[in-house]
Protein chains: 2
Amino acid sequence: MKQPQDTIAARIARALADRIITGAIPPGAPLRQDHVAVEFGASHVPVREAFRQLEAQGLAVSEPRRGMRVTSFDVEDLREVAAMRAALEVLALRHAAPRITPAVLEAADAANRAAEAATDVHAWEEANRRFHRLLLAPCAMPRLMSSIDSLHLASARFLFAAWRSQWEKPTDQEHRAILAALRRGQTDLACSVLAKHVGRISGRSPQNKFDKSGTYAIIG
Amino acid sequence: MKQPQDTIAARIARALADRIITGAIPPGAPLRQDHVAVEFGASHVPVREAFRQLEAQGLAVSEPRRGMRVTSFDVEDLREVAAMRAALEVLALRHAAPRITPAVLEAADAANRAAEAATDVHAWEEANRRFHRLLLAPCAMPRLMSSIDSLHLASARFLFAAWRSQWEKPTDQEHRAILAALRRGQTDLACSVLAKHVGRISGRSPQNKFDKSGTYAIIG
DNA sequence: CTGATATTTCCTGTATTCAGGAATTATGGA
DNA sequence: TCCATAATTCCTGAATACAGGAAATATCAG
């Protein structure tokens with residue numbers, strides 16, 4: 001259960017990150033270190049380190065002498081994340097394309113089928129993220145992949161916030177188009193489809209469910 | 001001297017980050033928390049938090065149960081940083097261009113003149129970074145700007161590592177071309193010049209001064 | 001010289017305590 | 001009554017002391 005090469009701070013950070021992403025801890029909520037410490041049966045030192053990790057992931061902000069607070073977001077943030085994802089994922093795909101093997105394409109296809117078979121938003125998100133990551137990872141650029149992962153985290157927050165109650169599964173026709181282009185070696189086409197596809201996420205969520213103040217306005 | 005709204009951990013992180021970027025602490029060097037603590041007259045708790053901040057900036061890596069270590073880098077990392085900068089700075093400029101005022105252009109011009117008047121690499125780097133930041137900041141995308149800042153940090157590390165001893169000042173002709181294009185409202189031209197300009201940094205450093213193992217191979 | 005063991009070093013985490021700032025509540029004056 | 005000021009309380013930031021454990025180093029026997 002508990003890996004020895006896994007620090008308590010890292011475990012707390014993962015648990016809190018998951019709650020923030022899924023919306024279990026809402027945007028704007030304060031994170032009180034003593035409260036978290038007793039919940040995880042730890043002292044405040046690893047808790048503070050976990051807070052720093054959340055801060056690095058953009059999931060929380062520290063207001064000195066006033067504690068940590070879960071970050072808020074609005075449609076503008078979603079658009080920004082989408083634009084950054086488009087730019088960076090296209091860059092990654094361009095470098096990855098020559099190194100993508102048939103095995104990778106097959107795995108990505110499987111991930112896409114898993115997404116289309118998903119029955120809830122959580123499973124769909126996991127499969128969708130896996131699809132993107134499989135195609136981009138061959139670029140072998142660790143810093144770039146880490147940035148993309150962080151953006152996917154933010155995207156997932158929006159997804160869960162907007163589509164918690166009712167959620168209609170998208171068809172992911174574009175995923176298939178990307179795979180088809182890659183199979184034919186049409187890197188440019190794959191990149192342009194990917195850019196459009198990622199750009200679409202900022203239009204796919206129901207904007208009226210976010211208010212403009214940046215605070216939480218969710219959802220039945 | 002000491003701002004009250006400034007935590008000890010943040011001060012330690014800034015001081016260490018500066019040393020790492022300038023090369024005062026070389027790549028691969030271990031960061032021992034107790035040594036840092038006594039040097040700054042602090043306990044190990046804020047030091048560990050500072051380490052996390054360095055980790056978030058990509059300046060150090062934590063090997064669990066073995067301590068922190070300053071990250072190494074090689075030409076491949078430089079190319080990756082350059083490619084990411086090109087992608088993200090073009091994105092930022094495209095959003096910033098319609099909001100750039102004559103005052104911003106004037107300030108950028110001043111920064112460029114300061115760069116050309118710089119007598120040492122440190123002053124040049126500061127002015128160069130200011131030039132880029134002035135033109136991009138009007139995009140009003142905080143996450144994007146923070147990513148670009150982080151990439152500039154990494155770029156500066158390469159710059160200081162490669163050009164510590166002898167350093168010939170570049171002419172920054174391209175900076176002027178970007179400004180001219182922006183003054184004429186030619187956003188596309190400005191973006192393409194910027195992309196080429198940023199891409200050039202990966203060819204401008206003397207590659208032979210980096211070895212392939214990723215360790216430090218610098219410089220008189 | 002080699003390999004196993006012992007020692008040391010230092011990272012990770014706990015518990016306790018305290019100082020200082022922020023927010024809230026209580027108090028007093030107009 | 002209402003507003004401004006003062007007191008209290010809460011919580012973060014930080015220090016100190018200490019324990020457990022892993023890794024590196026030194027030591028010693030064969």
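As a basis for the values below, the full set of heavy atoms in this structure was taken, side chains included, without hydrogen atoms, waters or symmetry mates. Quick caveat, the model's predicted, so the values are computed rather than measured. A note on names: the letters A, B, ... follow the listed sequences, proteins ahead of strands, and every chain is numbered from 1.
Pairs engaging residues 18-37 of chain A under the salt bridge (Lys or Arg N to Asp or Glu O under 4.0 Å) rule: Arg19(A)-Glu39(A) [sequence neighbours left out].
Annotation: side chain to side chain donor-acceptor pair (under 3.5 Å) contacts of Glu106(B) (sequence neighbours excluded): none. Residues forming a salt bridge (Lys or Arg N to Asp or Glu O under 4.0 Å) with Glu125(B) (at least two apart in sequence, or on another chain): Arg129(B). Taking Arg99(A) as the reference, nothing meets the salt bridge (Lys or Arg N to Asp or Glu O under 4.0 Å) condition, with sequence neighbours excluded. Residues forming a ring pair (Phe, Tyr, Trp, His ring centres under 6.0 Å) with His152(B) (at least two apart in sequence, or on another chain): His132(B).
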Restricting to nitrogen or oxygen on both sides, can you table the protein-nucleotides 9-13 of chain C pairs closer than 3.5 Å?
| unit_1 | atom_1 | unit_2 | atom_2 | d |
| --- | --- | --- | --- | --- |
| dT12(C) | OP1 | Arg65(B) | N | 3.2 |
| dT12(C) | OP2 | Arg48(B) | NH1 | 2.8 |
| dT12(C) | O3' | Thr7(A) | OG1 | 3.4 |
| dG13(C) | OP1 | Thr7(A) | OG1 | 2.3 |
| dG13(C) | OP1 | Ile8(A) | N | 2.5 |
| dG13(C) | OP2 | Thr7(A) | OG1 | 2.5 |

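Distance CZ (Arg69(A)) to C1' (dC11(D)): 13 Å, rounded to an integer number of Å.
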